[in-house]
Amino acid sequence: MRSLIDILDFSVEELDSLISVANDIIANPQKYSEKCKGKKLATLFFEPSTRTRLSFEAAMLELGGSVLGFSEAASSSAAKGESIADTAKTVSCYADIIAMRHPKEGAPLVAANNASIPVINAGDGGHNHPTQTLADLLTIYREKGGFNNLTIGFCGDLKFGRTVHSLIAAMARYTGIKIVLISPEELKLPSYVKKDILEKNGIPYSQTTSLEEAMPQLDILYMTRVQRERFFNEEDYLRLKDSYILDTRKLVNAKKDLCIMHPLPRVNEISVEIDKDSRACYFKQVLNGKYMRMALILKLLQEAAE
Ligand code: CP
């Protein structure tokens, strides 16, 4: 049974095909409005979410299917001690496909190993967030026309930022990619991502604490929130939370066609004045996420039926 747990579960060709379907959905939404008639998506969210859960639900509804699920662990039998494996086996009796978010890294993989229907990782701890990467890839494609020869700056919490880990893995498969890692010492990209992804694929990268210094070379700036929920103590979070705040002053030396991205939610790291800048792409990412999740649901249900 095909699932999506890690963005590398899909080949570059499969991602190209998802982008092509998403673009066709954008151009011809009516064509897709009954494609999932009679099918059910279960959204199992053990952690808070606005965009991912609601965009999955909107995606399935716009495909003519239905949705069931829960939005917090407390309202599921996980609160009584039920395992992920038993939850996955149970939900397989009621639904055709699962989207799961969980604070424990690897939980969606455990679900996939026990479910008899496709499972989509909607974010697992500080590990991966492959469907955010789908949203990011469609945004980059539509803004930049492709994926090669881009210099991408990742800024903020690169340690716990699961969207960063997944997008770096996806971009490392294209040519001419350069990565600039901008973070405080305490929130640097984990060494396993550097070794297993960047170094293994020969991707040139640099590390800095200065957003201003990095800015002039960037084609894409991917800002991230400092992930309060992953910190062991509040004191460290308070010290680091406002390490980077993007405002108009910091964009003075930026490229005119810079693409400013953020997976959202934002706290303080992008000043709201930037929202009016034509280079701000983060609300485009939100919408693109729905179209890519539609394409993903179609792909996984089609493969499950074969
Ligand atoms: N980008 C993202 O995962 O947002 P939510 O936490 O609101 O789902």
Inset, instruction - Could you check Thr139, Ile19, Leu4, Ile120 and say which one makes a side-chain contact (heavy atoms from CB on, under 4.5 Å) with Leu134? - result: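 Looking at Thr139, Ile19, Leu4, Ile120, the match for Leu134 under the side-chain contact (heavy atoms from CB on, under 4.5 Å) is Leu4.
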Inset, instruction - Just say parallel, tilted or perpendicular for the rings of Phe46 and Phe70, cut-offs at 30° and 60°. - result: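 Correct class here is perpendicular.
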Inset, instruction - Report the relative orientation of the aromatic rings in Tyr192 and His127; use parallel for angles under 30°, tilted for 30 to 60°, perpendicular for over 60°. - result: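 Because their plane-to-plane angle lies in the 30° to 60° range, the rings of Tyr192 and His127 count as tilted.
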More than 12 heavy atoms of other groups within 6.0 Å of [X] [atom1]:
{"X": "Lys40", "atom1": "NZ", "value": "no"}
{"X": "Lys39", "atom1": "NZ", "value": "no"}
{"X": "Gln302", "atom1": "CD", "value": "no"}

Does [X] share a hydrophobic cluster with [Y], counting links as ILVMFWY side-chain heavy atoms below 4.5 Å and allowing steps through other members?
{"X": "Tyr94", "Y": "Ile84", "result": "no"}
{"X": "Val67", "Y": "Leu54", "result": "no"}
{"X": "Val267", "Y": "Phe154", "result": "no"}
{"X": "Val164", "Y": "Tyr237", "result": "no"}
{"X": "Leu300", "Y": "Val119", "result": "no"}

Under 3.5 Å side-chain donor-acceptor pair for [X] and [Y]:
{"X": "Asp136", "Y": "Tyr222", "result": "yes"}
{"X": "Thr248", "Y": "Glu273", "result": "yes"}
{"X": "His262", "Y": "Arg225", "result": "no"}
{"X": "Lys178", "Y": "Gln217", "result": "no"}

What are the two closest heavy atoms between [X] and [Y], and how far apart are they?
{"X": "Ile98", "Y": "Ala115", "value": "CD1-CB, 4.5 Å"}
{"X": "Ala172", "Y": "Ile203", "value": "O-CD1, 3.6 Å"}
{"X": "Val91", "Y": "Ala42", "value": "CG1-CB, 3.5 Å"}
{"X": "Met100", "Y": "Ala111", "value": "CE-CB, 3.7 Å"}
{"X": "Ala95", "Y": "Leu68", "value": "CB-CD2, 4.2 Å"}
{"X": "Leu150", "Y": "Met171", "value": "CD1-CE, 4.3 Å"}

Inset, instruction - Could you tell me the separation between the CD1 atom of Ile117 and the CD1 atom of Ile97, rounded to the nearest 0.5 Å? - result: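 Rounded to the nearest 0.5 Å, the CD1-CD1 separation comes to 7.5 Å.
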Legend entry - Spacing of Lys290 atom NZ and Leu138 atom CG [to the nearest 0.5 Å]: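 That separation rounds to 12.0 Å.
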Side-chain contact, heavy-atom cut-off 4.5 Å: [X] with [Y]?
{"X": "Met261", "Y": "Glu143", "answer": "no"}
{"X": "Met60", "Y": "Leu301", "answer": "yes"}
{"X": "Lys195", "Y": "Lys200", "answer": "no"}
{"X": "Leu238", "Y": "Glu235", "answer": "no"}
{"X": "Glu62", "Y": "Ile25", "answer": "no"}
{"X": "Met294", "Y": "Leu296", "answer": "no"}
{"X": "Thr224", "Y": "Phe160", "answer": "no"}

Please determine if [X] and [Y] form a salt bridge, counting it only when a charged side-chain N lies under 4.0 Å from a carboxylate O.
{"X": "Arg2", "Y": "Glu14", "answer": "yes"}
{"X": "Lys144", "Y": "Asp219", "answer": "no"}
{"X": "Arg228", "Y": "Glu234", "answer": "yes"}
{"X": "Glu303", "Y": "Lys299", "answer": "yes"}

Inset, instruction - Walk me through it: do Glu57 and Arg53 pass the test salt bridge (Lys or Arg N to Asp or Glu O under 4.0 Å)? - result: CA-CA 6 Å; Glu57 295 190 358; Arg53 186 170 66 83; 3.2 Å; yes
Inset, instruction - Quick one: name the residues clustered hydrophobically with Leu221, using the 4.5 Å side-chain heavy-atom rule over I, L, V, M, F, W, Y, and just say none if it's on its own. - result: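 Members other than Leu221 - counting any ILVMFWY side chain reachable under 4.5 Å - are Val180, Ile182, Leu211, Met215, Leu218, Met223, Tyr244, Leu246, Leu251, Leu258, Ile260, Leu264, Ile270, Ile274, Tyr282, Phe283, Val286.
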Taking [Y]'s backbone N and O only, do any of them form a donor-acceptor pair with [X]'s side chain (distance below 3.5 Å, no angle check)?
{"X": "Asn201", "Y": "Ile197", "answer": "yes"}
{"X": "Ser33", "Y": "Leu63", "answer": "no"}
{"X": "Arg279", "Y": "Lys255", "answer": "yes"}
{"X": "Lys250", "Y": "Ile245", "answer": "yes"}
{"X": "Arg293", "Y": "Phe56", "answer": "no"}
{"X": "His165", "Y": "Lys159", "answer": "yes"}
{"X": "Asp9", "Y": "Asp6", "answer": "yes"}
{"X": "Ser3", "Y": "Ile5", "answer": "no"}
{"X": "Thr175", "Y": "Asn148", "answer": "no"}
{"X": "Asp157", "Y": "Leu187", "answer": "no"}

Name each donor-acceptor pair under 3.5 Å that joins a side chain in residues 71-81 to protein atoms two or more places apart or in another chain, with its distance.
from, atom 1, to, atom 2, distance (Å)
Ser75, OG, Glu72, O, 3.1
Ser76, OG, Ala73, O, 2.9
Ser76, OG, Ala78, N, 3.1
Ser77, OG, Lys80, NZ, 3.2

Inset, instruction - Might you work through the side-chain contact (heavy atoms from CB on, under 4.5 Å) test for Ser166 and Gln132, ending with a clear yes or no? - result: CA-CA 8 Å; Ser166 290; Gln132 179 62 47; over 6 Å; no
Inset, instruction - Check step by step if side-chain contact (heavy atoms from CB on, under 4.5 Å) holds for Ile168 and Leu189. - result: CA-CA 10 Å; Ile168 286 177; Leu189 191 73; 3.9 Å; yes
Inset, instruction - Mind running side-chain contact (heavy atoms from CB on, under 4.5 Å) on Leu15 and Ile7 for me, showing each step along the way? - result: CA-CA 9 Å; Leu15 294 178; Ile7 196 66; 4.0 Å; yes
Inset, instruction - Dump the intermediate steps for side-chain contact (heavy atoms from CB on, under 4.5 Å) on Leu18 and Met292, then the final yes or no. - result: CA-CA 7 Å; Leu18 285 178; Met292 284 300 266; 3.9 Å; yes
